[in-house]
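To start, the structure under review is shown below, and the notes come after it.
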Amino acid sequence: EATPIQEHSIPIALKGQDLLGLAQTGTGKTAAFAIPILQHFIKAAREEVKSTSPKKIRSLVIAPTRELADQINEDIRTLGVGINFASLTLYGGVNKKPQDKALAKGTDIVVACPGRLLDHLTARTVSLSNVEILVLDEADTMCDMGFFPDVRKILKYLPHQKQTLFFAATMPQEIRDLSADLLDHPKFVQMDRIAPAKTVSHAIYP
């Protein structure tokens, strides 16, 4: 059963339109963008001639933390069982060389944190020239963590013609400015809930 953000976002994303979605953590945003991405691969696979050359990055998901990046990648792989695609994560705090090797083999989807992705772009170990779908998840958290300068640098490496799905929980001015620069006639989806979803528990460890 689809959650509200999924019910409203997935039909828009499947049409190839840009989307600005406002919803709290725990409301099912990952499936809201992962299902259209995977459906895009299914459709493309029917139309393409099989190739032996390395896969090219066709979908990029930018997330603020390594934990979220791993979670998104795991969810995409779970949802995509039986679909022919490859995905990997890129984030700091770990050795960069295994990531270089994985990128050299080719992948369809990259889930990345801004800092490490920018490192790879600077080192030319990754190319974003074939990206067809861009997702910015938890954009307000990236704003709070000071990632927006890196995000704006990353955007320069992306093709102008692409679909962009932009998700945040709140809309401070920096988010409004970035979405205005990034999105092309987007559809707007906002969930009424202003508190975290019931699936999210909170705890403090002094």
Side-chain angles (χ1 to χ4, degrees), residues 1-23 25-63 68-91 99 101-113 117 120 126-139 154-155 157-168 182-189 191 199:
E1 184 179 348
T3 66
I5 188 67
Q6 294 165 4
E7 182 179 352
H8 290 85
S9 298
I10 290 174
I12 295 170
L14 286 174
K15 292 178 182 177
Q17 295 174 296
D18 283 7
L19 169 71
L20 173 57
L22 288 185
T25 298
T27 53
K29 291 196 299 294
T30 301
F33 60 76
I35 289 172
I37 287 173
L38 293 168
Q39 183 64 29
H40 180 75
F41 286 144
I42 292 172
K43 183 179 178 181
R46 295 172 183 156
E47 301 170 355
E48 291 173 351
V49 178
K50 289 186 178 180
S51 172
T52 56
S53 58
K55 293 176 178 288
K56 297 177 181 178
I57 301 168
R58 295 162 62 184
S59 292
L60 171 65
V61 182
I62 302 178
L68 181 58
D70 276 333
Q71 178 186 320
I72 291 170
N73 191 44
E74 183 178 340
D75 288 348
I76 289 173
R77 289 180 174 179
T78 300
L79 289 166
V81 169
I83 301 173
N84 180 27
F85 76 98
S87 67
L88 59 84
T89 55
L90 300 176
Y91 47 67
Q99 296 177 357
K101 291 181 180 178
L103 287 166
K105 291 179 181 178
T107 186
D108 298 292
I109 303 173
V110 165
V111 185
C113 295
L117 177 57
H120 281 283
V126 66
S127 171
L128 303 180
S129 60
N130 293 285
V131 169
E132 297 164 357
I133 302 175
L134 168 67
V135 179
L136 268 71
D137 194 21
E138 303 284 356
I154 291 166
L155 296 178
Y157 291 88
L158 288 155
H160 178 71
Q161 191 69 29
K162 62 185 177 301
Q163 180 184 17
T164 303
L165 309 176
F166 191 108
F167 291 95
L182 186 61
L183 301 172
D184 181 22
H185 297 92
K187 296 293 185 179
F188 182 67
V189 173
M191 298 299 100
T199 54

How long is the gap from CD1 on I109 to CG on L38, to the nearest 0.5 Å? 5.5 Å
Side-chain donor-acceptor pairs under 3.5 Å in residues 78-87, sequence neighbours left out?
unit_1 : atom_1 : unit_2 : atom_2 : d
T78    : OG1    : E74    : O      : 2.9
S87    : OG     : N73    : OD1    : 2.6
S87    : OG     : R77    : NE     : 3.1

Are I57 and D108 close enough that some pair of their side-chain heavy atoms sits under 4.5 Å apart? no
Nearest 0.5 angstrom please: T107 OG1 to K56 NZ, how far? 14.0 Å
Shortest non-hydrogen contact from M191 toward A23: CG-CB, 3.9 Å
Within a reach of under 6.0 Å around NZ of K187, are more than 12 heavy atoms found that belong to other residues, nucleotides or ligands? no
I'd like to know whether F166 forms a side chain to side chain contact (heavy atoms under 4.5 Å, CB included) with L19, so could you lay out the CA-CA distance, the side-chain angles of the two residues, the decisive distance to 0.1 Å, and finally the verdict. CA-CA 6 Å; F166 191 108; L19 169 71; over 6 Å; no
Beyond-backbone contact of L103 with L88, side-chain heavy atoms, under 4.5 angstrom: yes
So which heavy atom on S59 is nearest to which on I37, and how close? OG-CG2, 3.5 Å
Evaluate the side-chain proximity of H40 to I133: yes if any heavy-atom separation is below 4.5 Å, no if none is. yes
Measure from the side-chain N and O atoms of Q39 to the backbone N and O of L14, and report whether any donor-acceptor pair falls under 3.5 Å. no
Rounded to the nearest 0.5 Å, what separates atom CG in L183 from atom CG in L165? 9.0 Å
Charged N-O contact under 4.0 Å between K162 and E132: no
Taking all heavy atoms of G28 and all of T3, pick out the closest pair and write down the distance. CA-OG1, 4.2 Å
Heavy-atom check, side chain of V111 versus side chain of V135, under 4.5 Å: no
Under 3.5 Å donor-acceptor, S9 side chain and I5 backbone: yes
Interatomic distance, CG@L128 vs CG@L117, rounded to 0.5 Å, equals 5.5 Å
For the CG atom of L20 and the CG atom of L136, what is their distance to the nearest 0.5 Å? 11.0 Å
Heavy-atom closest pair (I10 atom, A32 atom, distance to 0.1 Å) is CG1-O, 3.7 Å
Between A69 and C113, which heavy-atom pair has the shortest distance, and what is it? CB-SG, 4.5 Å
Flag, side chain of E138 to backbone of I62, donor-acceptor distance under 3.5 Å: no
From D18 CG over to F188 CZ, what is the distance, rounded to the nearest 0.5 angstrom? 14.5 Å
Using every non-hydrogen atom in the two residues, find where Y91 and Q99 come nearest and quote the distance to one decimal. O-NE2, 3.1 Å
Test side chain to side chain contact (heavy atoms under 4.5 Å, CB included) on L60 and L158; report intermediate values, then the result. CA-CA 10 Å; L60 171 65; L158 288 155; 4.1 Å; yes
Checking H8 side chain against P4 main chain: does a donor-acceptor pair fall under 3.5 Å? yes
If only atom types and distance count, is the side chain of Q163 paired as donor or acceptor with the main-chain N or O of Q17 below 3.5 Å? yes
